[in-house]
Amino acid sequence: MSKESIEVYKEFETDIIPPSWKDRIWDKKDFKEWYESTVKDKKAKEEWWEKRANEIFWFKKWNKVLDDSNPPFYRWFVGGETNLAYLATDWQIAQGRKNKLALIWEGEPWDEALQQPKEVRKFTYYDIHRISNVISYALKEKLKVKKGEILTFYLPMIPELPFYMLAAQRLGAKHSIVYSGFSADALATRAIDGGARIIVTADGFYRRGRIISLKPIVDEAVKICAQNGLKIEKVIVIKRTGQDIPWNNETDVWHHEFIKDVPQNVHILVEKCGSEDFSYILYTSGTTAAPKGAQHSIGGYAVALYTTMKLIFDVREDDIYWCTADIGWVTGHSYIVYGPLMAGLTSIMYEGAPDCPGPDRWWNIIQRYGVTIFYTTPTAIRMLMKFPEELVRKYDLSTVRICHSVGEPINPEAFKWYYKNIGREDIVASSTWWMTETGQMLTGHFPGLGKIFPLKPGTNGYPIPGVTMEVLDDDGNPCKPGVRGYLAITSPWPGMLMTLYKSPQRYIDVYWSRFKGKMYFYTGDFAIKDQDGYIWVLGRADDVLKVAGHRIGTAEIESAMIKHPAVAESACVGKEDPVKGQTPFIFTVLKQGYSPSQELANELKMHLRNTIGPLVASDTTIAFVDSVPKTRSGKIMRRLLKAIIAGATLGDVSTLEDGVAVEEAKKAYESVKAALERK
Ligand code: WTA
């Protein structure tokens, strides 16, 4: 760390290389007061965030920390100017990290004979700076990409994805990344909403030993865009697998051809972006079929990431950091790309599946690179804990000093397994809670916190300093300790989304209108605050599923189902799953002339794969029923359906739905249950 940042962060400094949780406890006597002072009042909070903002580079400093004159359109570090690409590379080089390894990428294919990955690519900060400048130049000169344009990226886990992200940021352009597990339809919907002119993709990638093609999906999406009046002018294709792919001479260009004649030492002057300008949009699921484009800022977002990297990951100069997420989701945006680069870390990026060639691939990676900070998902942990512990113990994982999880609630068993096998029961570990919309981690245990808030398996810990969160009842009043309520963020935070892209009213309606008379952010999660003040997020309170940590709306699934000619109606609810957390369970009513069969169920799953993507197709249950029970006002009785698949008894379900007569609910229960048993 630079000298300056050590000084500012002296509150967080512990031993130089502290080996265990016990040694990582702050000695600060007034720690609790200090912690509370950061959330005490508006002024204290702003002071805290302003201190953090002073740690990163700005072309121009802000004239106001927080503009809250037009809630909920809060603006952070107003008047400031910076740039995410500059922070990620130029600023690192200026701090002496020119030749430091920034990224170690490992492809999935494994060489059995040599017992090593077939491909490893390593990039220093200087390499990334150079390559992203070359791409910026090509985008600017050849395709006339300008400040403000949104580029759509549909890419797997290859280094070119961060390079293109940084190239866009350099120009003040924005990105909209679509997870490579989404279908052509989903890609097209997002490209159309963002008004894409350029899509960057790859021929394919490796996953669990197979090549997955991407280019045909993009071609299909380009067609759908055209049918909807959007012309995609260019598709840039990165050659990853070298397989044969369909080609359109008019639109397609290989990435290597695109940059071939650009001088390798080209330097693009970085765009000085307003702190309140936006850096990217990332679509996420909600309770309606249309995905929401969460629009993130530049200055506030940068401060949020830099702070949380230091606070929660406690980063040090010699760390080897590995976040196993996919860059197509927010975790990858914030904590594979921008956060770790801004913090000057060496990161691992892995292309493939955790169980390829065997279920010890991850432990092998941790050992080979001496990973010190590890960030993964509960689903992955639950999947890997099914294998004998010897598979983990075979490896030396003693370098790991922090391991966190994210994306879904972690059950105490999974946490204990993680803490024992990866954390040796002796390091900092926690379940960090946050969302696409929050941009940054907002809760978690971090080094030093254990002194007053000891670790509890399964909890999300405490909000980080400078963040205020509450568990509220329907009227917006705090719930008693231990009572379930809705998780709300009660004051603005720097990493927050600025709005929903092109939908400011929807932004207000979805997030800021839940608690009458209070300008609180509604997260959509159920949570409990226990008597010690710990937050326990229990899961979604709305019709959003978390399937293996992937966020998907039941409305999206239902609207995809209805597009199939056999489907009259459907109702999707989440079914508890011991590994994936939840899987979609779809009550399906067929049109006349169609009858239930295994073939039709398979066809419907294939249809979901084509309309949404592989991420929902596997482990989906299609259950044929004669009708979907509804309330008199036409709302699907979802809670009743959930109770049925959870195996609840009639007695438990009769009062589940508001406004539904007990007799009516009982009838619905019996008829759905009978239909399930019949089929
Ligand atoms: C859930 C992922 C419990 C939660 C970063 C939230 C969690 C949704 C946790 C956001 C956690 C995320 N414990 N639940 N540590 N982290 N969630 O937008 O339901 O993909 O609302 O962002 O994931 O999902 P998203």
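All of these numbers come straight from a predicted model, not from anything done at the bench. Just so it is clear, the values below take in all heavy atoms, side chains as well, and ignore hydrogens, waters and symmetry mates. Note that ligands are numbered from 1 as they come in the structure, with each ligand's atoms numbered from 1 the same way.
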Handout entry: Shell of residues surrounding ligand 1, defined by a 4.0 angstrom heavy-atom cut-off that is strict
Key =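 Residues Val330, Thr331, Val406, Gly407, Glu408, Pro409, Ser431, Thr432, Trp433, Trp434, Met435, Thr436, Asn460, Asp525, Val537, Arg540, Lys546, Arg551 each place a heavy atom under 4.0 Å from ligand 1, listed by chain and number.
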Do the numbers put [X] on top of the ring of [Y], so that NZ or CZ is under 6.0 Å from the six-membered ring centre and no more than 45° off the axis?
X: Arg190; Y: Phe182; result: yes
X: Arg514; Y: Tyr486; result: yes
X: Lys456; Y: Tyr534; result: yes
X: Lys292; Y: Tyr501; result: no

Exercise for the section: Evaluate ring pair (Phe, Tyr, Trp, His ring centres under 6.0 Å) for Tyr179 paired with Trp329, printing each intermediate quantity in order. Expected result: CA-CA 7 Å; Tyr179 173 58; Trp329 303 102; 4.7 Å; yes
Handout entry: Sequence-distant partners of Tyr301, ring-ring contact (aromatic ring centres under 6.0 Å, His included), two or more places apart
Key =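 Only Tyr280, His296 meet the ring-ring contact (aromatic ring centres under 6.0 Å, His included) criterion with Tyr301.
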